[in-house]
Amino acid sequence: MKVKLFSILAEEIGATVDLNLNDNFYARDVKNSIKKSYPEFSDILDQSLVAVNEEYADDEEFKLSDVTEIAIIPPVSGG
Amino acid sequence: MKVKLFSILAEEIGATVDLNLNDNFYARDVKNSIKKSYPEFSDILDQSLVAVNEEYADDEEFKLSDVTEIAIIPPVSGG
Amino acid sequence: MSLIKITDQPINTDELTKSLIHPEFGGIDIFIGNIRKFTDEIETEKIEYTTYKQMAEKEMQKLADQVLAKGMDVVMVHRVGELNLSDVAVFIGVAAPHRAEAFENCQFLIDQLKRTVPIWKKEYDRDKIRWGGLGE
Amino acid sequence: MSLIKITDQPINTDELTKSLIHPEFGGIDIFIGNIRKFTDEIETEKIEYTTYKQMAEKEMQKLADQVLAKGMDVVMVHRVGELNLSDVAVFIGVAAPHRAEAFENCQFLIDQLKRTVPIWKKEYDRDKIRWGGLGE
């Protein structure tokens, strides 16, 4: 599953990162999986949220088959 | 001394009203003097403030010789 | 660059807005009051504003000075004369380094303007004429 | 008549302001955020905004819907791309029957936009590059 990255993560890692997610997964699994490959961004990932299908994800479990889009949302700074 | 009137008072009475004020007077004397001639506007005058030399007048005494302009300020309604 | 005035001409909101945009400030709050058709059941057709101009501009300047003294920029313009529906009667703008101050001071200025600045409205409503500020 | 969007074009503050002036409403509050030169001692040269556009517009619409549901009109436009000093980054406007609601809801919208809408700034300061939202 390609996960979209933004802001400093997109600049440092790339616009997407390819992850192997289980058929059922939690938002935290997405962050943990990226952390394994990019431990240097653990701090930023800890501050980031996960969006699933363009909605902020809570702690609920997702079925991979229902998911069309996943993104990591670093602390926002618009305005 | 010509006293400036505004809003409904100007429309009903005129742009100014001529009053005989003592050499020393209080803001309330201005209103009372107009009330005597125009008792039908007592209610509006009670709600109005007096401006002396383009400043809202408090309870202090004024010397007529220091005064260049007096106005009655009905409740304001700008904005 | 503050601008404080009473005018009998239409208010140029674009020009006034642009005058508040400077690189020294990051947040601008603007209040625009325009002539509204309905106030509950009352239908307004037009409003005639009158003023005690010299004193009104002095009172507006006193209010603006309180905000200017805090290092912000201020625009306060009130139109007088006969205004029709949608016409802009008042434009208040505050530019500040941070947005919270801009909001707070803009609201302060319009609230105070309505309390202390000698401007009066004569409202031509469908049913009758109403003088602003006076009880029914 | 509400307008909610992310754009990479300059924000036309005049057109957006005029879109909020209707006879149904009497009070309009507008917040404009522009690029500021100094933040304390830090001197900014330009800011590059990026966004997760589809989600950002959805989140902006959710915020606007809360205000629209109360019978007000709303405009929310955020610009992205490379912005220079004085350029307008965000325009938020609320038209309401009464001014207190306009102020309250306009401030709510900009406060929430800064908390929840996926837009990021990369600030090119004189001393170094800073990413908005991240601690030093």
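Residue numbering restarts at 1 for every chain, and letters A, B, ... go by the order of the sequence lines. Basis for what follows: all heavy atoms, side chains included, without hydrogens, waters or symmetry-related copies.
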Query raised in the report: What part of C:E24 lies closer than 4.5 angstrom to a heavy atom of chain D: side chain, backbone, both or neither?
Result: backbone
Query raised in the report: Is the number of heavy atoms from other residues, nucleotides or ligands within 6.0 Å of NZ (D:K114) greater than 12?
Result: yes
Requested in this report: Using a cut-off of under 4.5 Å on heavy-atom pairs, state which of D:L85, D:L20, D:I110 scores highest against chain C.
Outcome: D:I110
Report task. Calculate, to the nearest 0.5 Å, the distance between atoms CD1 and NZ belonging to C:I32 and D:K18 respectively. Result -> 9.0 Å
Query raised in the report: Can you tell me how far the CG atom of D:D14 sits from the CG atom of C:D14, to the nearest 0.5 Å?
Result: 3.5 Å
Requested in this report: Measure distances from D:F25 to the heavy atoms of chain C and classify the residue's part below 4.5 Å as side chain, backbone, both or neither.
Outcome: backbone
Query raised in the report: How long is the gap from CD on D:Q107 to CD on C:Q107, to the nearest 0.5 Å?
Result: 8.0 Å
Query raised in the report: C:I35 versus chain D, heavy atoms under 4.5 Å apart: side chain, backbone, both or neither?
Result: backbone
**Report entry** Crowding at CD, C:E15 (>12 non-hydrogen neighbours, <6.0 Å)
**Finding:** no
Query raised in the report: Does C:H22 offer a backbone N or O that forms a donor-acceptor pair with the side chain of D:N34 under 3.5 Å?
Result: yes
Query raised in the report: More than 12 heavy atoms of other residues, nucleotides or ligands under 6.0 Å from NZ of C:K58: is that the case?
Result: yes
Query raised in the report: Of all heavy-atom pairs between C:D29 and D:F103, which one has the smallest distance, and what is that distance?
Result: OD2-CE2, 3.2 Å
Query raised in the report: Among C:A102, C:G93, C:A95, C:C106, which has the most heavy-atom pairs under 4.5 Å with chain D?
Result: C:C106
Query raised in the report: Between D:R36 (side chain) and C:P97 (backbone), is there a donor-acceptor pair under 3.5 Å?
Result: yes
Query - Contact origin within D:V90 toward chain C - heavy atom pairs under 4.5 Å - result: neither
Query raised in the report: Under a 4.5 Å heavy-atom cut-off, does chain D meet the side chain of C:D111, its backbone, both or neither?
Result: both
